[in-house]
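Everything on this sheet refers to the single structure shown next.
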Amino acid sequence: MAEAKNVAFWQGNTAMAHGALAAGCNFFGGYPITPSTEIAEVMAEELPKKGGHFMQMEDEIGGIAAAIGASIAGAKALTATSGPGFSLKQENLGLAYIAEIPIVVVDVMRGGPSTGTPTKISQGDVMQARWGTHGDHATICYSPSSVQECYDLAIKAFNNAERFRQPVLILGDEVVGHMREKVVTQDPAKLKLVNRVKPSVKPEEFTPYKPNPATGVPEMAAFGDGYSWHVTGLTTNEWGFPTNDNAEIEKKNLRLLSKVDRARDEIVEFEAESMEGASVVIVAYGSVGRSALRAVRDARKEGIAAGFFRPITLWPFPDKELLKAAQGAKTIIVPELNCGQMVLEVERAFKGHSDVQPLNLVNGELFKPSEILKKIKEVA
Amino acid sequence: MPSPEVMKWVRTRFMPHIWCPGCGHGVIMHSLIRALVSLDADPKSTVVASGIGCSSRMAGYINACTLHSTHGRSLAFATGIKMHKPELTVVNVMGDGDCTAIGGNHFIHACRRNIDITAIVMNNNIYGMTGGQASPTTPFGAFATTTPYGAIDPTFDICKLAEGAGASYVARTTIANPRQAEQFIANGIKNKGFSVIEIVTHCHTQFGRKNNRRLPIENYKFFRENSIPLAVAKEKTPEELAGKIICGEFVTRDKPEYTAQYQKFVIDKAQGKGE
């Protein structure tokens with residue numbers, strides 16, 4: 001049998017690491033934590049082969065700090081963690097948002113709060129992904145539900161981190177992180193990779209935080225590129241100087257949101273099936289999307305007009321796409337492995353126009369399709 | 001007035017600075033820049049990283065590639081920068097709280113790796129920017145807003161900590177000896193490895209007002225009167241050294257440097273090069 005060079009049989013964590021490598025990642029800073037450690041392990045082995053650097057730092061905070069530092073010096077940098085580590089990284093995540101430093105952060109979700117259930121699945125971190133670091137910021141967050149998506153979304157995450165000069169998050173979960181599936185890999189030479197826009201002006205004319213009017217994103221010089229500039233977690237003016245000027249503060253805060261908002265339609269991704277004429281719609285993400293899709297197909301076989309909608313970007317949330325696809329639906333069910341987090345986004349989208357019902361499971365297991373099907377039958 | 005060579009390294013656009021009149025941080029900044037000038041360093045390939053606090057503002061005032069990061073974490077950021085671009089000269093400025101309290105873990109691990117970064121610790125025995133709270137170097141009995149009855153926590157000896165954790169160059173001086181500060185910083189930058197220069201300075205505004213050193217000159221005199229060169233200190237008893245500031249180069253040792261080790265033992269190995 002001929003060996004297929006572009007096919008691999010990987011677990012999700014391994015696929016995310018290889019997706020990152022394909023996207024040009026050349027730096028990893030992190031710290032061991034279940035259930036994300038395999039990402040670090042793959043990077044430790046693979047990065048040096050291409051001249052990149054893997055740093056096992058002294059703690060989670062140092063892991064993201066080193067990644068941000070490397071990015072400031074021009075690297076495409078990754079850090080990966082799980083709940084407790086994600087909590088620890090939040091402050092420096094905020095620095096990457098305000099200083100507009102591209103990085104990718106993977107959080108493979110496990111049960112919480114605190115140490116919780118390290119080897120079991122949950123979806124308890126989704127609101128932390130949105131709001132975990134203090135202050136307003138525009139979140140770009142992917143939620144893979146297959147090993148193939150772990151690979152593909154890692155590439156997209158890097159591309160968008162570079163494009164928008166900000167952190168991009170991938171929220172995996174214990175199931176998608178550890179299950180093994182076939183992955184079709186891409187030839188990095190043929191991939192369309194995005195790189196941060198380097199300064200088009202001479203060093204003495206460089207205004208580090210002056211946005212491109214078309215994109216809202218400033219050009220970025222790497223340390224060592226011949227440009228001396230200042231990176232700070234303080235709110236700054238376009239020169240990168242700390243400011244207390246009310247107008248400048250407002251301008252900066254609003255631009256951090258608008259640079260992503262204006263490209264929202266290009267970022268949003270979702271998957272939908274059997275939505276036409278659906279009276280019951282299941283909105284599910286991550287591993288739960290797999291159980292939900294099966295439940296919807298089983299319901300259809302039984303003659304129930306069920307539909308399936310899976311946000312691939314949790315943020316920006318595909319609200320108008322969902323609203324359009326679910327027109328006429330009587331009931332929206334949101335199964336989640338938490339006590340009701342994304343259901344709040346779904347309720348926000350529907351603004352009371354449809355009956356939105358949570359379906360929650362927090363016993364450390366993934367939903368069985370039958371559990372979701374049972375709920376569909378209850379409301380159908 | 002600083003020389004024109006020094007002024008090239010100053011971001012006058014950032015002025016006026018936030019430091020109180022008479023603050024020792026300016027003396028340290030001047031020493032650092034003179035050291036960089038003496039080494040013929042290039043601002044475009046020099047990184048100055050900092051954390052949070054009065055000390056951290058120095059990064060913004062220096063015309064180089066500068067990073068004002070989060071409290072205590074600057075060495076971890078600097079580690080990422082240095083790993084990705086080992087050719088850059090990386091200086092990291094910290095305060096005593098930044099370095100030995102919230103950033104203590106990053107500090108000892110940077111020492112352990114012996115990564116080629118020069119860490120300048122401006123030790124003024126207090127959290128100045130937040131209004132004068134006790135730090136891990138506030139002396140026993142000293143008053144701070146969080147030690148209204150006098151501090152009881154034993155203090156860190158930053159130089160011993162750095163030596164024990166593995167730094168390859170460790171020195172201490174005070175702002176009352178700026179030429180020595182310049183020399184030690186230059187020696188630290190020249191050292192291929194992790195260098196720690198503790199520069200004892202003062203916060204007359206926050207520490208001084210509660211501990212009878214209210215004026216900058218009183219602090220300067222205190223440092224002059226209480227500093228002992230390392231060679232002299234070696235002849236003294238622990239009782240005679242109580243409360244004294246021992247100044248000198250404590251550690252100068254050859255040790256493998258981290259980025260070079262990573263290249264040799266990881267990248268070259270992974271790529272099948274070398275032995």
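Values below: all heavy atoms of this structure, side chains included; hydrogens, waters and symmetry mates excluded. Proteins get letters first, then strands, A, B, ... in listed order; numbering begins at 1 in each. Just so you know, these numbers come straight off a predicted model, no measurement behind them.
Highest contact tally toward chain B, considering only A:Ile68, A:Asn92, A:Leu95, A:Asp225, is held by A:Asn92 [criterion: heavy-atom pairs under 4.5 Å]. Counting heavy-atom pairs closer than 4.5 Å to chain A, the top-ranked of the candidates B:Gln263, B:Lys269, B:Arg113, B:His71 is B:Arg113. Ranked by heavy-atom pairs under 4.5 Å with chain A, the first of B:Ala270, B:Ala76, B:Cys65 is B:Cys65. Among A:Gly240, A:Gly233, A:Gly224, the residue with the largest count of heavy-atom pairs under 4.5 Å with chain B is A:Gly224. Listed options B:Asp268, B:Leu88, B:Leu67 were ranked by heavy-atom pairs under 4.5 angstrom with chain A; first place goes to B:Leu67. Contact count versus chain B (heavy atoms, under 4.5 Å) is highest, among A:Glu46, A:Glu45, A:Met55, for A:Met55. Ranking A:Gly62, A:Ala75, A:Ser71 against chain B, the residue ahead of the rest is A:Ala75, based on heavy-atom pairs under 4.5 Å. Chain A forms the most heavy-atom pairs under 4.5 Å with one residue out of B:Lys82, B:Glu87, B:His106, and that residue is B:His106. Per-residue counts of heavy-atom pairs under 4.5 Å with chain A were compared for B:Ser45, B:Ser50, B:Pro43, B:Gly60; the largest is that of B:Gly60.
Using cut-offs of 30° and 60° for the angle between ring planes, the A:Trp10 and A:His18 rings count as parallel.
For A:Arg255 and A:Glu100, the salt-bridge test passes: some basic side-chain N is under 4.0 Å from an acidic carboxylate O. At a threshold of 4.0 Å, the pair A:Lys251-A:Glu248 does not count as salt-bridged, since none of the basic side-chain nitrogens sits closer than that to a carboxylate oxygen.
Here the straight-line distance linking atom CG of B:Asn105 with atom CE of A:Met57 works out to 9.5 Å at 0.5 Å rounding. For the atom pair A:Leu88 CG and A:Thr81 OG1, the distance stands at 7.5 Å (nearest 0.5 Å). To the nearest 0.5 Å, atom CD1 of residue A:Ile39 and atom CG of residue A:Leu78 are 7.0 Å apart. The CD1 atom of B:Ile126 sits 7.5 Å away from the CD atom of B:Gln133 when rounded to the nearest 0.5 Å. Taken to the nearest 0.5 Å, the CG atom of A:Leu93 stands 6.0 Å off from the CZ atom of A:Phe86.
B:Tyr258 touches chain A through its side chain: at least one heavy atom from C-beta onward sits under 4.5 Å away, while N, CA, C and O do not. Contact of B:Val266 with chain A is made through backbone and side chain together, with heavy-atom distances under 4.5 Å. For a residue to count as touching a neighbouring chain, one of its non-hydrogen atoms must lie under 4.5 Å from one of that chain's; by this rule A:Ala67 does not touch chain B. Interface residue A:Phe27: only side-chain heavy atoms are found under 4.5 Å from chain B. Only the side chain of B:Arg57 comes within less than 4.5 Å of a heavy atom in chain A; its backbone stays farther off.
Figure legend: A:Lys252 and A:Tyr209 shown as a cation-pi pair, the cationic atom lying under 6.0 angstrom from the six-membered ring centre and within 45 degrees of its axis.
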